[in-house]
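Every heavy atom of this structure was used, including side-chain atoms; hydrogens, water molecules and symmetry mates were not.
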Amino acid sequence: MRILTHIFAFLAMVALCSSCNDKKDEPEVLAKRTIVVYMVATNSMSGQDNTDIAEMKTALSGYSRGDCRLILYRVSYNLAPQLLEISSKNDIVTTATLKTYSEEQSASVTKQRFSEVMADVKAFAPSDDYGLVLWSHAAGWANSLPKSVGARPRYFGIDYNATMPIDSLADAIPAGMFSFIYADACYMGGIEVAYQLRNKTRYFVGSPAEIPYDGMPYDVTIPLFFEDNVSLSKICDKVYEYYRNSTSGVALSIVDCAKLDALAAVCRDIHSTAKELESAADLQYYNRAPITSVRLFYDFGQYTRMIAGDDSLVEQFNVALDDAVIYKISTPSVFGISINADTFSGLSTSIYGTNAADNDAYYETLDWYRDVIKK
């Protein structure tokens with residue numbers, strides 16, 4: 001009997017180990033959605049990263065979704081770049097470090113680092129769906145704001161003194177990975193930016209103007225990102241309400257990137273027969289400048305209609321624009337700039353040939369120039 005008992009115990013242990021191995025070999029369960037925040041704070045926004053992370057933790061403290069994940073790539077002063085996960089279980093919020101990266105200054109705005117982080121996100125957080133939030137300073141597509149006003153050069157992100165060109169950003173984003181990209185950064189809501197990213201995401205959210213320093217109220221929006229059917233318009237509504245009565249104001253739009261090729265085709269016809277713009281004085285502009293004559297971002301819809309020489313093309317443009325910009329909202333003013341609701345199209349654009357030489361030289365490398373403006 002004693003021998004039989006030992007045999008049965010041994011067989012039970014073998015069965016248990018086999019069962020454990022079977023579970024170990026099972027594929028990891030996919031999350032329903034993973035939100036990725038790419039946070040570059042080695043600039044004047046250092047400190048705001050702590051505030052926004054605290055907001056994210058507040059959001060999750062009372063909102064546990066085991067089928068959704070929140071992943072952050074974060075670089076800030078005196079901190080090594082890290083890939084973090086903020087999660088909540090039984091109302092207890094934890095922050096886990098998934099990976100620590102090498103600390104070379106300015107690495108976080110290189111195509112190599114961005115691509116590496118995206119590959120790591122896929123490996124650490126396999127998911128049915130991904131959304132990307134771009135968090136940092138930005139100036140849309142532009143190499144720099146006009147040098148005559150002393151602005152620092154920046155496209156997306158400032159990592160110490162380096163920036164990330166929009167074409168490099170587009171190249172670094174894996175095709176088909178993100179169903180939406182939300183730019184929580186200034187001036188990213190331009191046709192040039194959206195068009196450059198058109199093959200990288202279905203929906204793009206950005207502002208044609210400055211974004212207030214506090215950025216998105218993450219304590220309010222994170223639960224909305226985790227909803228079964230995420231509504232970008234509902235998220236934008238919450239951001240708008242947060243700033244509706246503020247001194248800064250806010251402007252936002254949502255672009256259906258699948259409609260941008262059709263919009264570009266109409267705009268190509270318009271530019272091929274464009275009237276000369278006599279003056280930009282009456283155009284809605286979006287960037288602040290101490291020198292009122294120095295402007296970089298104008299309203300895309302208003303400008304395009306003004307140069308169109310054919311009424312039928314204007315009608316086609318209006319239809320294509322309405323198809324592409326599926327949501328737009330703005331306070332009456334943004335950082336002191338009055339926003340005309342009748343001409344607000346939700347997107348900005350730049351007038352090629354009127355910018356600083358370095359800006360126009362870079363503009364010629366963008367898809368929008370090559371596909372629409374180039375003769």
Side-chain angles (χ1 to χ4, degrees), residues 24-43 45-46 49-50 52-53 56-57 60 65-89 93-136 138 155-160 162-185 197 199-202 204 218 222 225-226 230:
K24 184 177 181 180
D25 293 337
E26 290 177 359
E28 187 174 353
V29 176
L30 294 178
K32 180 180 180 63
R33 182 179 303 113
T34 295
I35 301 300
V36 184
V37 182
Y38 197 88
M39 179 177 282
V40 183
T42 41
N43 51 60
M45 291 187 70
S46 178
D49 53 334
N50 292 322
D52 285 351
I53 289 173
M56 296 174 195
K57 291 179 178 179
L60 292 181
R65 276 293 297 262
D67 57 349
C68 292
R69 303 178 71 172
L70 177 60
I71 306 291
L72 283 74
Y73 172 79
R74 179 198 189 187
V75 58
S76 193
Y77 291 128
N78 302 316
L79 290 173
Q82 292 181 324
L83 193 66
L84 307 171
E85 178 168 16
I86 302 175
S87 59
S88 175
K89 186 175 182 179
V93 178
T94 59
T95 303
T97 301
L98 304 178
K99 182 176 178 178
T100 299
Y101 298 82
S102 58
E103 298 186 45
E104 299 95 338
Q105 288 191 8
S106 305
S108 294
V109 289
T110 63
K111 184 165 62 174
Q112 293 76 14
R113 174 59 59 82
F114 198 99
S115 298
E116 180 183 6
V117 171
M118 296 303 108
D120 290 335
V121 167
K122 285 186 173 182
F124 282 110
S127 180
D128 286 329
D129 182 43
Y130 293 93
L132 174 64
V133 176
L134 298 171
W135 188 108
S136 191
Y155 316 110
F156 163 70
I158 299 178
D159 187 7
Y160 291 92
T163 61
M164 190 173 193
I166 292 301
D167 55 342
S168 294
L169 174 65
D171 289 344
I173 297 174
M177 179 174 178
F178 295 106
S179 59
F180 62 86
I181 297 175
Y182 188 115
D184 194 15
L197 298 176
N199 297 320
K200 300 298 181 174
T201 185
R202 176 62 190 270
F204 177 72
Y218 289 91
I222 288 298
F225 280 119
F226 282 0
V230 60

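Listed by chain and number, the residues in a side chain to side chain contact (heavy atoms under 4.5 Å, CB included) with Lys200 are Ile173, Ala175 (sequence neighbours excluded). For Ala119, the side chain to side chain contact (heavy atoms under 4.5 Å, CB included) criterion is met by no residue, not counting sequence neighbours. Listed by chain and number, the residues in a side chain to side chain contact (heavy atoms under 4.5 Å, CB included) with Gln105 are Tyr160 (sequence neighbours excluded). Considering only residues two or more places apart in sequence or on other chains, Ser106 meets the side chain to side chain donor-acceptor pair (under 3.5 Å) condition with none of them. For Asp52, the side chain to side chain donor-acceptor pair (under 3.5 Å) partners at least two apart in sequence or on another chain are Gln48, Trp135. Asp49 meets the salt bridge (Lys or Arg N to Asp or Glu O under 4.0 Å) test with Arg74; sequence neighbours excluded. Residues that satisfy the salt bridge (Lys or Arg N to Asp or Glu O under 4.0 Å) test with Asp128, not counting sequence neighbours, are absent from this structure. Applying the side chain to side chain donor-acceptor pair (under 3.5 Å) criterion to Thr110, with sequence neighbours excluded, gives no partner residue. Legend: residues meeting side chain to side chain contact (heavy atoms under 4.5 Å, CB included) with Ser179, ordered by chain and number and at least two apart, are Asp129.
Interatomic distance, Ser87 OG to Arg69 CZ, rounded to the nearest 0.5 Å: 8.0 Å. Considering NZ of Lys111 and CG of Asp167, their distance stands at 8.0 Å, rounded to 0.5 Å. Rounding to the nearest 0.5 Å gives a distance of 11.0 Å between CG of Asp171 and CD1 of Ile166. Of the inter-residue distances, the one linking Thr95 atom OG1 with Ile86 atom CD1 reads 4.5 Å to the nearest 0.5 angstrom.
For the pair Ile71 and Leu84, the minimum side-chain heavy-atom distance is 4.5 Å or more. Met39 places none of its side-chain heavy atoms less than 4.5 Å from the side chain of Pro81. Looking at heavy atoms from C-beta onward, Leu132 lies out of side-chain contact with Tyr182 at the 4.5 angstrom threshold. Leu70 has its side chain out of reach of Phe225: every pair of non-hydrogen atoms, C-beta onward, lies at least 4.5 Å apart. Here the side chains of Lys32 and Ser127 are not in contact, with every heavy-atom distance at 4.5 Å or above. With contacts defined as side-chain heavy-atom distances shorter than 4.5 Å, the pair Asp159/Met164 does not qualify.
Side-chain N or O atoms of Asn43 include one that pairs as donor or acceptor with a backbone N or O of Ile158 at under 3.5 Å. Side-chain atoms of Arg202 never come within 3.5 Å of backbone atoms of Phe180 as a donor-acceptor pair (strictly under, hydrogens ignored). In this structure, Thr42 contributes its side chain and Tyr77 its backbone to no donor-acceptor pair below 3.5 Å.
No hydrogens or angles considered: a donor-acceptor pair under 3.5 Å links the side chains of Tyr218 and Asp184.
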Decide ring pair (Phe, Tyr, Trp, His ring centres under 6.0 Å) for Tyr38 and Phe114; before the verdict, give the C-alpha distance in whole Å, the side-chain angles of both, and the deciding distance to 0.1 Å. CA-CA 9 Å; Tyr38 197 88; Phe114 198 99; 4.4 Å; yes

Given the rule in the side chain to side chain contact (heavy atoms under 4.5 Å, CB included) test, do Leu83 and Val121 qualify, once you have shown the distances and angles that lead to the verdict? CA-CA 8 Å; Leu83 193 66; Val121 167; 4.1 Å; yes

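Pairs passing the side-chain hydrogen bond (donor to acceptor under 3.5 Å, both in side chains) check and including a residue from residues 113-124, sequence neighbours excluded, read Tyr73-Arg113, Lys99-Glu116, Lys99-Asp120, Tyr101-Asp120, Ser102-Arg113.
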